[in-house]
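Notes follow once the structure below has been shown.
Count residues from 1 along the sequence.
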Amino acid sequence: MRRNEKKLAPYAVYLVEGEGDNALWTKIGAAWKHQDGKGFNIQLICLPLNGRLVIRETDAEAGR
């Protein structure tokens with residue numbers, strides 16, 4: 001990988017508001033697993049005031 005290429009984070013952090021099919025998912029950050037596998041480093045671009053946070057594996061094929 002070249003120095004100026006960005007590596008896709010292995011996990012995405014979403015703010016989820018609502019339930020079921022009516023839920024609104026907003027990507028607000030990224031996460032990386034610790035080397036020992038016992039935790040995560042999480043980088044957020046904003047702090048939510050409501051809703052819940054969900055961490056999902058990044059879909060490398062879709063680029064998200």
Any Lys/Arg nitrogen of Arg52 or Glu19 sitting under 4.0 Å from an Asp/Glu carboxylate oxygen of the other?
yes

Could you walk me through whether Ile55 and Ile42 pass side chain to side chain contact (heavy atoms under 4.5 Å, CB included), step by step?
CA-CA 9 Å; Ile55 299 174; Ile42 300 172; 3.8 Å; yes

Are more than 12 heavy atoms, taken from residues, nucleotides or ligands other than Glu17, located less than 6.0 Å from that residue's CD atom?
yes

Determine whether Val13 and Trp32 fall in the same hydrophobic cluster, where Ile, Leu, Val, Met, Phe, Trp and Tyr are linked whenever their side-chain heavy atoms lie under 4.5 Å apart.
no

Going hydrophobic residue to hydrophobic residue with side-chain gaps under 4.5 angstrom, can you get from Val54 over to Leu47?
no

So which heavy atom on Lys33 is nearest to which on Tyr11, and how close?
CE-OH, 3.5 Å

Which heavy-atom pair separates Leu8 from Asp59 by the least distance, and what is that distance?
CD2-O, 4.5 Å

Would a hydrophobic clustering, with Ile, Leu, Val, Met, Phe, Trp and Tyr connected at side-chain separations under 4.5 Å, put Tyr14 with Ile45?
no

Hey, could you give me the CD1/CG distance between Ile28 and Leu44, rounded to the nearest 0.5 Å?
5.0 Å

Shortest non-hydrogen contact from Ala12 toward Thr58
N-OG1, 3.6 Å

Of all heavy-atom pairs between Leu15 and Gly51, which one has the smallest distance, and what is that distance?
CD1-CA, 3.9 Å

Provide the closest heavy-atom pair for Ala31 versus Ala9 in the form atom of the first, atom of the second, distance.
O-CB, 4.3 Å

Is the number of heavy atoms from other residues, nucleotides or ligands under 6.0 Å of Asp21 CG greater than 12?
no

